[in-house]
Amino acid sequence: MTDTYVASIDQGTTGTRFMVFDHSGQVVANAYEKHEQIYPEPGWVEHDPIEIWENTQDVVRQGLEDGGIDASQLEALGITNQRETTVVWDKETGKPVHNALVWQDRRTTDRVEELQEAGKVDEIREKTGLEADAYFSATKTEWILDNAEPLKMQSARGESLRDRAEAGELMMGTIDAWLIYNLTGNHITDVTNASRTMLYDIREMEWDEELLEEFGVDESMLPEVRPSSDEEYYGHTDPDGFLGEEIPVAGALGDQQAALFGQTCFDAGDAKNTYGTGSFYLMNTGNEAVASDHGLLTTIGFQMSGEPVQYALEGSIFITGAAIEWLEDVDLINNAAQTAELARSVDSTDGVYMVPAFTGLGAPHWDGRARGTIVGMTRGTRKEHIVRATLESIAYQTRDVAEAMEADSGVEMTSLRVDGGAVKNNFLCQLQSDIIQTDIARPEVDETTALGSAYAAGLAVGYWDTVDELRDNWQIDREFSPEMDAEKADKMYSRWDDAVERSLDWAREE
């Protein structure tokens with residue numbers, strides 16, 4: 001009998017990955033391609049949705065070819081994606097009317113401040129579980145409809161985008177919806193991605209009419225919302241399309257929820273932190289949507305077919321791995337692997353703190369006008385100190401969120417499951433364990449985002465029967481325990497707040 005597999009398209013902030021997994025959750029094929037980051041103005045970040053779709057097709061073909069796998073051996077396809085990144089496209093042609101506005105994009109900060117001044121923040125938080133912030137899709141969609149005129153695909157009648165949206169001619173979605181549409185022809189998103197738009201009521205489980213009116217988003221633009229693991233499937237790939245096979249597309253999760261799923265955090269109290277471009281710390285809170293008093297987000301964790309939603313608390317840190325990329329951009333390092341060696345070469349940062357608020361600060365500070373800051377430098381400061389301070393900033397930001405998480409949930413962390421590209425760095429993992437004074441568990445398969453969406457799709461088609469099978473697949477690669485004295489960790493962390501304070505509210509209008 002021919003072996004069969006489940007595949008995942010992992011469409012991230014910097015690139016697109018295709019992975020194929022076997023029944024034991026091991027990787028049997030893997031391909032990756034970067035896409036262009038477009039910065040039209042300071043604080044603005046865009047992606048080309050057409051490039052993302054073309055790259056998706058390329059990595060799927062490449063992964064199958066490299067793995068010696070035929071598309072007919074795939075039992076299901078899952079999707080995971082950078083969340084909040086927003087695409088508006090023409091229903092008839094399938095072409096975007098503007099570049100995608102990326103989750104990091106801050107161009108709608110003024111609009112968010114209008115909401116704050118109008119006293120609408122509490123209502124938004126109550127319905128969506130989210131802070132009013134430019135991070136989410138609502139203000140991005142509104143901006144595209146109001147401002148994309150010069151770049152829109154001109155219709156024959158030359159109508160405004162708003163008129164065309166009201167006439168039912170435009171579609172809106174996050175990247176999962178854009179990929180599902182291109183793969184199946186259907187306009188569908190999953191509950192986790194819907195919960196990141198700032199348009200979806202996470203308790204009522206529906207698009208909220210008042211929020212749609214506030215942001216001028218016509219309901220006809222919106223995708224149908226389905227479970228993350230859907231036994232009814234979102235659709236099938238076109239047998240005449242690039243894969244040449246009819247494969248069920250049956251699972252989708254926003255990337256951080258996918259990592260929660262891939263780390264088998266299926267029970268209330270289970271938590272993980274993913275270190276990618278940013279870092280995202282999620283704790284499963286079960287069937288209860290726990291409101292945060294400490295600057296965290298309440299979000300949908302996942303939903304299985306026929307089962308109630310599982311919620312999560314989330315601490316969204318905008319810049320962690322991207323801070324290491326910045327070190328490379330400014331020629332302080334040659335590659336990410338070099339950070340550990342340079343950081344180890346000095347005993348401390350000599351009092352230097354780096355706050356990587358390049359696109360503002362997320363949880364628990366929520367300041368869209370904060371900017372990247374290095375403090376405490378002297379004439380004796382060398383690049384080694386700045387590199388070490390950058391790694392320490394990742395650990396400090398995680399502790400900010402860990403403390404907020406414990407305060408909101410009442411659950412004391414004993415171990416944290418970690419994943420993402422940066423956790424290959426043993427120095428960072430040990431530093432993280434020291435700073436938060438908690439054990440760190442790194443799994444064998446660290447691409448848990450792709451694994452999570454594969455699990456969701458595989459459960460939907462019966463490739464795996466129960467989540468217990470998935471728990472059995474989870475294996476630890478290495479554990480890290482605190483080696484630093486708690487008093488020293490507290491002392492280092494105490495000055496972090498001072499450094500953060502200096503980064504706040506920096507980006508004022510000219």
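Quick note: residue numbers are just sequence positions, from 1. These numbers come from the heavy atoms of this one structure, side chains and all, not from hydrogens, waters or symmetry mates.
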Where is the tightest heavy-atom contact between [X] and [Y], given as atom of each residue plus distance?
X	Y	value
T13	H47	O-CE1, 3.0 Å
E33	N55	OE2-OD1, 3.1 Å
A499	Y353	CB-CB, 3.7 Å
S292	H294	OG-N, 3.1 Å
A460	S229	N-OG, 3.5 Å
L253	G452	CD1-O, 3.7 Å

Has [X] got a side-chain atom pairing as donor or acceptor with [Y]'s backbone, closer than 3.5 angstrom?
X	Y	value
Q397	I319	yes
K272	A259	no
Q263	V418	yes
T448	L451	no
S228	Q303	yes
E51	E36	yes
T320	I394	no

Is any side-chain heavy atom of [X] closer than 4.5 Å to a side-chain heavy atom of [Y]?
X	Y	answer
Q257	F302	no
Y233	V249	no
L212	L222	yes
V88	M221	yes
T237	T184	no
V87	M172	no
I9	L179	yes
F136	T108	no

Output yes when [X] and [Y] qualify as a salt bridge under the 4.0 Å nitrogen-oxygen rule, no when they do not.
X	Y	answer
R83	D255	yes
R111	E113	no
D105	R107	yes
R196	E314	yes
D90	R164	yes

Pair [X] and [Y], ring centroids less than 6.0 Å apart:
X	Y	result
W53	Y181	no
F358	W326	yes
F280	Y275	no
W143	W44	yes
F18	Y32	no
H187	W178	no

Rounded distance (nearest 0.5 Å) linking atom [atom1] of [X] with atom [atom2] of [Y]:
X	Y	atom1	atom2	answer
S72	E246	OG	CD	13.0 Å
T285	D408	OG1	CG	10.5 Å
I188	D176	CD1	CG	10.5 Å
L297	T128	CG	OG1	8.5 Å
L64	Q73	CG	CD	9.0 Å

- Query: Under 6.0 Å from the CD atom of E206, do we count more than 12 heavy atoms belonging to anything else shown?
  - Reply: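 Enclosed: over 12 neighbouring heavy atoms sit under 6.0 Å from CD of E206.
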- Message: Does atom CD (Q37) have a neighbourhood of more than 12 heavy atoms from anything else shown, all under 6.0 Å?
- Response: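 Check passes, neighbour count above 12.
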- Just do the side-chain contact (heavy atoms from CB on, under 4.5 Å) check on T16 and D10 with the steps written out, would you? CA-CA 6 Å; T16 307; D10 179 357; over 6 Å; no
Could you verify whether a donor N or O on one side chain and an acceptor N or O on the other, from [X] and [Y], lie under 3.5 Å apart?
X	Y	value
E84	S137	no
Q62	D66	yes
T373	S503	no
Q82	T85	yes
N425	T339	yes
H98	N147	no
S195	T299	yes
T449	T80	no

- Scan residues 118-127 for pairs that pass side-chain hydrogen bond (donor to acceptor under 3.5 Å, both in side chains), counting only residues two or more places apart or in two chains.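 Residue pairs passing side-chain hydrogen bond (donor to acceptor under 3.5 Å, both in side chains), neighbours aside: K120-E214, D122-R125, E123-K127, R125-E131, K127-D208, K127-E210.
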- Derivation and outcome, side-chain contact (heavy atoms from CB on, under 4.5 Å), residues I124 and M198: CA-CA 7 Å; I124 288 171; M198 215 163 76; 3.7 Å; yes
- Query: Taking it one step at a time, do I79 and I180 satisfy side-chain contact (heavy atoms from CB on, under 4.5 Å)?
  - Reply: CA-CA 8 Å; I79 292 171; I180 290 167; 3.6 Å; yes
- Task: Let me see the working for R226 and T189 under side-chain contact (heavy atoms from CB on, under 4.5 Å), right down to the final yes or no.
- Result: CA-CA 6 Å; R226 302 276 280 272; T189 191; over 6 Å; no
